[in-house]
Amino acid sequence: MKARVLVAWLLVLLGSGPSSASSTAGTARADSTVTLVVPLPGEVQELVLRDGTRAAGRIERVEGGRVLFRTTAGAEIAVEASQIAAIRSLTGELVDGEYRRPDPNPTRLFFGPTARSVPAGTGYLGVFEILLPFVQVGLTDRISLGGGTPLIFGEETAHPFWLTPKVQVLHTGHTQAAVGAFWLANVEDGTGGVVYGVVTRGRVDAAITVAAGYALASDMDDVEGGAVLMLGGERRVSRGLKLITENYLWNGGGLASAGIRLLGERLSADLGLVAPLGAGVVFAFPVVNFVWRFGGD
């Protein structure tokens, strides 16, 4: 019975989505000297000087050891090439002259996955609701593996943990699809989890995600299962803020949630409310998640 209850509470953790694509591309170097080139139209770069100064924009001209760099706000910076520590191509977006760095955690909504993948050699560490730490690592650009375990789980001798394999099967620009699982193990009176397919349509800053899964819970006596549907969405509204909703339906119940994501360069924080559907009582409980992306530039 405990396995069924734990699976029900963790159904919203539908298997882990990979973490964000790298926010910067590599910087070409030769003999410890930064290679300075005028970028392609539409490309945004980050200029890093040796004194720590940073600016987003693009190189417009390189002449005789001097570089003219125009920021996204239109200001010109003329600097000696020898004072430049790095030039990186940025993968975010330029909106009304403002550079918006990418969401460091685009492979999840609050709990459930999007169809986006974790690039090989990168990953993320996070914690759901303060007490549920987890990790996910990209094995290839399409395959990732992760897991987690509750920090506190009663007085049981067996401490449960979950595994979250995921494989992206389609990527056609604005449409991505993946399959995966969230599987709970090492529970004394049973085991359980969800296998799912998920499709995300749109850009990283504005997209809809639809997932369908089948949840299983077993104990010593029988096996129970049922379908789970998830509909979610995300919308970037400013440089450091994204709106998120994530909603579930299953036989006899469901969950509705909405809130915000605060965006840093590698760290994101989710704050929201989740309310049960079909419970006969109106109440909500908070969502508090933190995710830190590692790897990449």
Leu49 and Phe69: side chain to side chain contact (heavy atoms under 4.5 Å, CB included), yes or no, with the steps?
CA-CA 12 Å; Leu49 300 182; Phe69 187 89; over 6 Å; no
If you group Ile, Leu, Val, Met, Phe, Trp and Tyr by side-chain heavy-atom gaps below 4.5 Å, do Trp292 and Val135 land in one group?
yes
Between the CG atom in Asp205 and the NZ atom in Lys242, the distance rounded to the nearest 0.5 Å is 5.5 Å
Give a yes or no on whether a salt bridge exists between Arg66 and Glu80, defined as a side-chain N under 4.0 angstrom from a carboxylate O.
yes
Crowding at CG, Leu231 (>12 non-hydrogen neighbours, <6.0 Å)
yes
For a side chain to side chain contact (heavy atoms under 4.5 Å, CB included) check, start with the C-alpha distance between Thr209 and Val198, then their side-chain angles and the critical distance, and finish with the verdict.
CA-CA 7 Å; Thr209 294; Val198 57; 3.4 Å; yes
With a 4.5 Å cut-off on side-chain heavy-atom distances among I, L, V, M, F, W and Y, is there a chain of contacts connecting Ile260 to Val127?
yes
Euclidean distance, Leu163 CG relative to Thr149 OG1, rounded to 0.5 Å:
10.5 Å
Can you tell me how far the CD atom of Gln83 sits from the CD1 atom of Ile77, to the nearest 0.5 Å?
13.0 Å
Salt bridge Arg58-Glu43, side-chain N to carboxylate O under 4.0 Å:
no
Using atom types as modelled and distance alone, determine if a side-chain donor or acceptor of Thr200 lies under 3.5 Å from a backbone N or O of Ala115.
yes
Decide if the gap between the ring center of Phe110 and the ring center of Phe128 is smaller than 6.0 angstrom.
no
Relative to Phe290, does Arg266 satisfy both conditions: NZ or CZ under 6.0 angstrom from the six-membered ring centre, and within 45 degrees of the ring's axis?
no
Membership question, hydrophobic clusters at under 4.5 Å side-chain separation (ILVMFWY): are Leu68 and Ile84 in the same one?
no
Could you give me the CA-CA distance, side-chain angles and deciding distance for Asn289 and Phe134, then say whether side chain to side chain contact (heavy atoms under 4.5 Å, CB included) is met?
CA-CA 11 Å; Asn289 304 328; Phe134 61 92; over 6 Å; no
Should Leu109 and Leu263 be regarded as members of a common hydrophobic cluster, given that ILVMFWY residues are connected when their side-chain heavy atoms come within less than 4.5 Å of each other, either directly or indirectly?
no
So how far is it from Thr140 OG1 to Leu145 CG, rounded to the nearest 0.5 Å?
11.5 Å
Glu234 and Arg116 ion-paired at < 4.0 Å:
yes
Any chance you could lay out the side chain to side chain contact (heavy atoms under 4.5 Å, CB included) test for Arg203 and Arg236, step after step, and finish with the verdict?
CA-CA 10 Å; Arg203 301 177 293 106; Arg236 183 83 162 261; over 6 Å; no
Enter the distance from Arg88:CZ to Glu46:CD here, rounded to the nearest 0.5 Å.
5.5 Å
Is a side-chain donor-acceptor pair under 3.5 Å present for Arg201 with Thr175?
yes
Could you tell me whether a side-chain N or O of Gln176 sits under 3.5 Å from a main-chain N or O of Gln168, the two making a donor and an acceptor?
no
Is a side-chain donor or acceptor of Ser268 paired with a backbone partner of Leu262 at a separation under 3.5 angstrom?
no
